[in-house]
Amino acid sequence: MLEVAGLRKSYAGRVVLDDFDLVVRPGELVALLGANGCGKSTALRCVAGLETPDGGRVVMDGRPAMVFQQIHLVKRRSALDNVCAGALGRLPLRHSLAPVLFPRDLREEAMTCLDRVGLASRAGEPAGRLSGGQQQRVAIARALCQRARVVLADEPVSALDPSAADQVVALLADLAHAQHLAVGAVLHQPALARRYADRVVGMVSGRAVVDAPPADIADLDVLYATGTP
Amino acid sequence: MSTPRPAPPRRKGPSALATVITVVVVGVHVLAWQATEFSPATLVQGWRGMADFFAQALPPDLSGEVLGPSVAAALVTLCIGLLGTTLSIPFALVLALLAARATTPGVWAYQAARSLLSFLRAVPDVVFALVFVTAVGLGPFAGVLALIFHNTGVMGKLWAEAMEEIDLGPRDALTVAGASKIQSAAHAVLPSVVPQFLGLLLYRFDVNVRSSLVLGLVGAGGIGFLINQSIRLFRFDEMVTHILVVLVLVIAVDQSSAYIRRRIAT
């Protein structure tokens, strides 16, 4: 469960988030839609703790995991080591100073996570040698290995080709439904949101102006129109 | 009806600031010329001294009893450079981690580490060598100690700068997952900079071998010590032999380090 209420954030006098509310329940994929600069990414970064909001309330189960547009894996390390790194928060330093010190049961858990995203066979390869879509799936496996109940995805598919993008969003939806995760994803593809999201939250200038299942919204493109819809 | 073509912007003459800067730069050079008593005429007048020197120095004494010790001393010089570089790695690494924004635990640690690095860099290795010669006596050990101190300052700074330039995304991803500063340094920051770190390490090894030569001149062992000795005994032919050996050593280290750095970069 993720609950955000009255989130506010401004940079140098420019208001980016203005009383932003968002609820993501376990088992649902919520798509955040809106034009560039409407505050979607800032909202996610505030929830993840990468930015400090000026005001408002964020409540969730445990720590969130975050998936980024730029993927942010360590390219020289193997896919498996990258997935294991998701567990750093619960490892003592003596088991986490170098990948060789990762305990055996963590490696096994990480392999299960890689298997869940369909990449167990590529576990030993450096992450940088995988395709963009595969790398993003490794990043999602890292989030699973973190055992996070809340997964935030900031434009996870904006850098991917259409088929890889479809695969990644389908995976996020599947994880939300099958593992009961609360998944909040910023998307720039209304078609993907319509196809996979359980709910769409539309943002305009730092506020949530739409919050409904995609079937109830006639035209998602209106969120990208200039000015208010 | 045609719209008038937009006129290109007029080219401006040099600004007042540019003129002032030019005058100041020229003035500083004139002062420097006087302060260093720079005088090409004196150099030309002194050609006889140079000729005498070369007459005594050439041909170099390549006999076994000069060349043998020379090569042995050159190997000591190489060893001083090697140990001085390798043993400074742990200190440079810790200070670099404290002095890079990506990994520093706080502003205080950052400023303290930067200041310490600046100090170690500011004190020339020759000065460190003179200090350590008084502590441990004449010989290569003092040279190794001097290089460890100075190289920690230079390499720590270079490594910290390398870490300042990386993309912080992978670190942020681990921070969100709950990783501590040390964990995110070990799993996101350091793995991303391994090639840069190795390249800088080899570059410093290259520089340190050349520095350890100068350290020998102040008594810290190696071939620099032999060069100093042959100058004092006016055996310039032996000195040229030592310099030729140094030339071979420096070229060998330079070429092999450049080769390895090229291989890492690709």
Side-chain angles (χ1 to χ4, degrees), chain A residues 44-51 60 62-78 81-102 126-128 135-136 138-140 142-148 150-154 156 159, chain B residues 86 89-98 100-107 109 159-160 162-202 260-266:
Chain A
L44 283 199
R45 291 179 69 85
C46 282
V47 172
L50 290 172
E51 305 276 349
M60 66 185 131
R63 243 173 212 294
M66 193 144 176
V67 176
F68 301 82
Q69 177 186 353
Q70 306 88 340
I71 300 168
H72 292 335
L73 295 173
V74 177
K75 299 207 169 7
R76 302 170 58 83
R77 289 257 170 105
S78 70
D81 285 344
N82 271 287
V83 174
C84 287
L88 286 175
R90 59 173 190 272
L91 284 180
L93 203 53
R94 65 177 196 286
H95 283 312
S96 61
L97 208 52
V100 291
L101 300 173
F102 286 145
Q135 290 189 31
Q136 196 56 290
V138 171
I140 292 170
R142 178 169 69 183
L144 291 176
C145 193
Q146 192 189 327
R147 299 182 191 161
V150 175
V151 175
L152 308 168
D154 188 3
Chain B
T86 308
I89 291 175
F91 307 107
L93 184 63
V94 169
L95 286 173
L97 286 170
L98 296 175
R101 261 182 294 254
T103 48
T104 188
V107 182
W159 281 0
M163 286 190 282
E164 295 284 24
E165 281 166 22
I166 61 161
D167 172 22
L168 292 178
R171 183 203 65 168
D172 288 347
L174 297 188
T175 307
V176 173
S180 67
K181 285 273 182 188
I182 298 180
Q183 287 175 325
S184 61
H187 293 279
V189 179
L190 290 177
S192 316
V193 291
V194 166
Q196 290 95 310
F197 271 32
L198 279 176
L200 292 168
L201 180 71
L202 284 166
I260 298 171
R261 273 185 278 159
R262 264 201 310 279
R263 290 294 300 266
I264 294 170
T266 49

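In what follows, chains are A, B, ... by sequence order, proteins preceding strands, each numbered from 1.
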Check this for me: B/L198, atom CG, are more than 12 non-hydrogen atoms of other residues, nucleotides or ligands nearer than 6.0 Å? yes
Do A/H72 and B/R171 meet the criterion of a side-chain donor-acceptor pair at a distance under 3.5 Å? no
For A/G86 versus B/A177, what's the shortest heavy-atom pair and its separation? O-CB, 3.9 Å
For B/Q183 against A/L91, the heavy-atom pair lying closest together: NE2-O, 3.2 Å
Interatomic distance, CZ@A/R45 vs CG@B/D172, rounded to 0.5 Å, equals 6.0 Å
Which atom pair, heavy atoms only, marks the closest approach of A/V74 to B/A188? CG2-CA, 3.7 Å
Name the region of A/R142, side chain, backbone, both or neither, that has any atom closer than 4.5 Å to a heavy atom of chain B. side chain
Side chain / backbone / both / neither for A/A148 at chain B, heavy atoms under 4.5 Å: neither
Most chain B-contacting option - heavy-atom pairs closer than 4.5 Å, from A/A143, A/A139, A/S96, A/A85: A/S96
Heavy-atom cut-off 4.5 Å, strictly under: side chain, backbone, both or neither for A/Q146 against chain B? side chain
Min side-chain heavy-atom separation A/R76-B/V194 under 4.5 Å: yes
Please assess B/H187 against A/L88 for the test side-chain contact (heavy atoms from CB on, under 4.5 Å), listing each intermediate value before the final yes or no. CA-CA 9 Å; B/H187 293 279; A/L88 286 175; 3.7 Å; yes
For A/L50, is it the side chain, the backbone, both or neither that has a heavy atom under 4.5 Å from a heavy atom of chain B? side chain
At a heavy-atom separation under 4.5 Å, does A/R147 approach chain B through its side chain, its backbone, both, or neither? neither
